[in-house]
Amino acid sequence: MNSDNADIGLIGLAVMGQNLALNIADHGYTIAVYNRSPEKTEEFMAHCKREEPSCERVLGFTDLQEFTQAIRRPRKIVLLVKAGAPTDRTIESLLPHLEPGDIIVDGGNAHWLDTIRREKELTAKGFLFIGSGVSGGETGARFGPSLMPGGSLTAWAELEPIWRAIAAKVDPQSGAPLGGAVPGKPVEGGVPCTAYLGPNGAGHYVKMVHNGIEYIDMQLICEAYWLMKNLLGLDAGAIGAIFREWNAGELSSYLIEITGDILQQKDPAGDGFLVDQVLDAAGQKGTGQWTAASALELGAPANSIAEAVFARALSALKEERVEASQLLKGPDIQPAADSAALLDAIRNALYCSKICAYAQGFQLLSEAQKTYGWQLDFGTIAQLWRGGCIIRARFLQKITDAYARNPDLKNLVLDPYFKDVLHEGQSRWRQTVALAVSNGVPVPAFGSALAYFDGYRSARLPANLLQMQRDYFGAHTYERTDHARGKFFHLDWPAPDRPQMEV
Ligand code: NBP
């Protein structure tokens, strides 16, 4: 093997690494690949030679030293290995083969605090580090993911041409994703769904919030499906057709599109629709939990994102729920009288809730940037979620437009477009939630998004009483409305004219 002739290297040949490597090769770059278990490299190279038009630009290695020697200096090496300790082990094994100035790009789903730590440690040793979120699963990695890099700006200057080449592309005018890539023939033109997001963990944090939003987006769609099934008595095929119809309007998105397909899928093992045979216990890999935990820690009101995580947790208690269903009674479901009106109301509830869920995600990003010293560009973030990733959606362009109109926008719901949608749609959104509640159909995502909206638009909330309770039992003090913020008062409780409670 000639040394020094690969433009970039990649470690980790599971599903993401294989596909990203082929995407890079499709764009004319020579890539060296390596995997801890050598047989995976051999299998991948055999497949590559058989089926991939760009395989002449993929160089497979089973020896780490030979792999690193094959990469042009400063080396750029992408890691697509399991997040957590495996990423640290991979970096440790790699360092003895690198030289100062070489660049490591972690494309895994790393926790942003790990990325901050790794960037610090590697910088101290003279290496450059980028933590880049990669979204879009297998197909995205192969034909254009959304790429969310953060870290060293010097390293970004080296990586940028490759990242821009392989990222998903959107139409510069409409923001619509450009599709149609096939192996060996990538999409030409368009705006790439990648941009430098900030130092150290900024990219991985943005990717994590993307995943948190993905959780709530999915939960909202599930609740719309569940209402149509329970209140309208529609079968999965009919609901699938409705989602397909909705996909032509403002809800147009990858998740609505695949939901239409999924619901219309017949059961390959019997009669009826597959969805009716699938166990209702959701799994999770952790990025939704990380988002909710970060929101709690930063005091950012991302209640719907947290609800989406809890909804999965509740679903996972399948056996307990089956038992409880025999013991706990709710109201009998009253079928809806006007199905067309209810469908319209559910569609409104879905869109309004989605707007509030994204508002929460961006509010969380806004809190995080203060804590971690980043300067995130929210319009750009919405733009790079327009293509390649799981939450890609037409309405993300509206978010980009909103931040273009007002870069200092405090909350998405205050933008004129979103404000109008919420004003126009809120009565049907409320009807939907009220109907769900009165029929005993759980809608934690719809309900929590509405509570967020109502809480955010309230000049007064009952936290005055809460502050007094805190002062009563813990002398935590309170502020007064007739004094400037920041002046704290305490009352010697209990009031003298009230008998002391015996405990
Ligand atoms: P996995 O997350 O399943 O990881 C498998 C890879 O990690 C294999 O190459 C494996 O090598 C390697 N690895 C492990 Br496990 N332990 C290692 C160690 N101690 N040292 C070196 N290598 C080790 O692969 P994936 O699903 O392709 O995902 C790759 C990354 O991308 C992950 O961080 C994931 O969270 C992220 N991601 C995945 C998706 C998706 O849709 N799957 C989407 C977006 C991001 P081996 O072959 O020797 O065991």
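None of the values given here were measured: they were computed from a predicted structure. Atoms within a ligand are numbered from 1 in the order they appear, just like the ligands themselves.
- Side-chain atoms of S135 never come within 3.5 Å of backbone atoms of C389 as a donor-acceptor pair (strictly under, hydrogens ignored).
- With R244 as the partner, the side chain to side chain contact (heavy atoms under 4.5 Å, CB included) test is satisfied by one option alone out of T259, D261, I239: D261.
- Of the possible polar contacts, one joining the S304 side chain to the A449 backbone as a donor-acceptor pair under 3.5 Å is found.
- Here the heavy atom of the protein found nearest to atom 4 (O) of ligand 1 is K82 N, 3.4 Å.
- Aromatic ring pairs are classed by plane angle as parallel below 30°, tilted from 30° to 60° and perpendicular above 60°; the pair W112 and Y205 is perpendicular.
- Between C55 and C48, a gap of under 2.5 Å is found separating the two SG atoms.
- In terms of protein heavy-atom proximity, atom 26 (O) of ligand 1 is nearest to V15 CG1, 3.5 Å.
- In this structure, atom 34 (C) of ligand 1 lies nearest to the protein heavy atom N109 N, 4.0 Å.
- Counting only non-hydrogen atoms, the option in P86, P38, A14 that gets closest to atom 24 (O) of ligand 1 is A14.
- Contacts between K40 and ligand 1, counted as non-hydrogen atom pairs separated by less than 4.0 Å, involve the side chain only.
- Annotation for ligand 1: atoms under 4.0 Å from non-hydrogen atoms of G12 are 9 (O).
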Practice prompt. Apply ring-ring contact (aromatic ring centres under 6.0 Å, His included) to F418 and Y358, showing your working.
Written response: CA-CA 11 Å; F418 291 117; Y358 278 68; 9.0 Å; no

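- Looking at I11 against ligand 1, nothing comes within 4.0 Å, counting heavy atoms.
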Item to complete: Please lay out, stage by stage, how E250 and R347 fare under the test salt bridge (charged side-chain N to carboxylate O under 4.0 Å, His left out).
Response: CA-CA 10 Å; E250 77 267 359; R347 186 178 51 75; 3.0 Å; yes

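- Interface of T90 with ligand 1, defined as ligand atoms under 4.0 Å from a residue heavy atom, comprises 20 (N), 21 (C), 22 (N).
- Counting protein heavy atoms only, atom 29 (C) of ligand 1 is closest to L80 O, 3.6 Å.
- Side-chain atoms of N211 never come within 3.5 Å of backbone atoms of T287 as a donor-acceptor pair (strictly under, hydrogens ignored).
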Discussion item. If you apply the rule salt bridge (charged side-chain N to carboxylate O under 4.0 Å, His left out), what do you find for K370 with E367, and how did you get there?
Written reply: CA-CA 5 Å; K370 289 183 213 153; E367 282 305 318; 3.0 Å; yes

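- Looking only at protein heavy atoms, the nearest one to atom 38 (C) of ligand 1 is M16 CG, 3.4 Å.
- K318 places no side-chain N or O within donor-acceptor distance of the main-chain N or O of A282, the cut-off being under 3.5 Å.
- Close contacts between ligand 1 and V134 involve ligand atoms 44 (C), 45 (C) [criterion: under 4.0 Å to a heavy atom].
- Ligand 1 places these atoms under 4.0 Å from at least one heavy atom of L13: 9 (O).
- When only non-hydrogen protein atoms are considered, atom 30 (C) of ligand 1 lies nearest to V81 O, 3.5 Å.
- The atoms of ligand 1 that sit less than 4.0 Å from any heavy atom of G137 are 41 (O).
- The protein atom (non-hydrogen) at minimum distance from atom 46 (P) of ligand 1 is S37 OG, 3.4 Å.
- Some N or O of N35 is nearer than 3.5 Å to an N or O of ligand 1, by distance alone.
- Given atom 49 (O) of ligand 1, the protein heavy atom at minimum distance is R36 NH2, 2.9 Å.
- In this structure, the side chain of N247 engages the main chain of S253 through a donor-acceptor pair within 3.5 Å.
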